[in-house]
Amino acid sequence: MAQKRKFALLGTGFIGQVHAKNLASHPDIELVMVADRDAARAAEVASLYGVRAGSVAEAINHDAIDSVLIATSTPSHAEFLAASAAAGKAVYCEKPIDLSLSKARRVVDEVARYDVPVTVGFNRRFDPSHNQLKQHLKQGTLGRAELIQMVCRASELPPLSYLQSSGGQMRDQAIHFFDLLRWLTEEEVETIGALGSALAMPEIAGFGDVDTSVLMMKLTSGALAQLDNTRRTAYGYDERITVLGDKGMADSAAQSPQGATLYTTGGITRPALYADWFNRVKETYYLHLDAFVRSLNGESVQVPGLHDGLQAQAIAEAAVKSLETGRFCSVERI
């Protein structure tokens with residue numbers, strides 16, 4: 001019988017509440033405590049699952065807790081990651097580790113001294129259809145990957161207050177696809193070029209952000225990748241990845257909650273896409289958590305780690321530099 005991991009949840013905002021539900025429903029997890037700098041919100045979420053609410057420091061240092069899930073605001077990730085590792089806890093940390101790559105590197109070096117298990121929240125790796133792409137590549141069905149095309153088009157703009165503290169589209173939205181690209185191909189990105197505009201919400205240009213972008217990347221093998229992002233569509237959440245190899249092509253297509261396509265003499269009617277990003281990807285949060293717990297209990301399961309967090313962020317930093325300079329930029333190898 002698998003050992004039950006005793007978790008504390010740090011952060012009870014939107015994603016924190018998603019994690020709270022998954023922690024409470026997982027058969028191999030005991031959710032012990034919920035913590036947030038907003039004590040009232042922590043108490044409210046804790047009461048839903050019949051667990052204790054406490055302070056962040058209490059949760060990190062509690063003797064009965066062996067694992068911590070960090071879902072607080074991004075600027076606090078590095079601080080709580082370092083403190084949790086120092087307390088000997090296993091850590092699931094939402095991405096990014098920090099908005100500053102140099103600070104993230106310092107914290108990762110510090111955490112490495114404690115030799116605790118850590119996973120970074122690149123939940124998109126656990127999407128079932130993206131996993132099929134990965135298997136096709138590993139099994140050689142597609143041959144050598146030569147061209148990868150990725151799409152991430154969110155259906156609705158986040159609030160302006162969120163965008164102001166998100167770190168920008170490259171660090172917040174595109175970073176998932178930088179990680180997916182590395183994971184799928186098992187290659188590194190050498191150079192990146194980015195073009196972007198603030199079309200859906202022009203005011204974000206005032207703090208150097210974009211909501212619509214196209215990126216081109218060259219991998220170590222010479223393979224090419226393209227990613228287009230937008231923060232807003234008029235037709236639902238659109239996420240897809242196509243891999244072209246020298247032996248064939250595989251496509252993890254845009255998905256709908258209703259799969260039937262209607263063919264009549266009047267034409268073809270296809271079902272609409274998921275209305276928003278969360279309903280499309282919510283299963284992946286549970287699958288990532290499950291994989292992490294199974295790895296903690298001794299199974300040979302791969303989960304995204306600290307190096308993955310740093311390297312995806314290094315690609316994001318080069319993309320930001322490319323947006324600023326209008327030139328292709330080299331990606332730092334971590």
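Along the sequence shown, residues are numbered consecutively beginning with 1.
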Name all residues meeting the side chain to side chain contact (heavy atoms under 4.5 Å, CB included) criterion together with A205; count only those two or more places apart in sequence or in a different chain, and write none if there are none. A198
Salt bridge (charged side-chain N to carboxylate O under 4.0 Å, His left out) between E187 and K218, worked out: CA-CA 10 Å; E187 293 189 47; K218 187 174 183 178; over 6 Å; no
Lys/Arg-Asp/Glu bridge criterion (N-O < 4.0 Å) met for [X], [Y]:
X	Y	value
D28	R294	no
K6	D66	no
D211	R232	no
R125	D179	yes
D238	R153	yes
K95	D308	no
K103	E79	no

Counting only heavy atoms from other residues, nucleotides and ligands, does the tally under 6.0 Å from [atom1] of [X] exceed 12?
X	atom1	value
D246	CG	yes
E44	CD	no
Q135	CD	yes

Which word best sums up how the rings of Y92 and H288 line up, parallel for under 30°, tilted for 30 to 60°, or perpendicular for over 60°? tilted
In terms of the angle between their ring planes, are F122 and H176 parallel, tilted or perpendicular, with boundaries placed at 30° and 60°? perpendicular
Check: H26 ring centroid to F7 ring centroid under 6.0 Å: no
Closest heavy-atom pair, A312 versus F178, reported as atoms and distance to 0.1 Å, is O-CD1, 3.8 Å
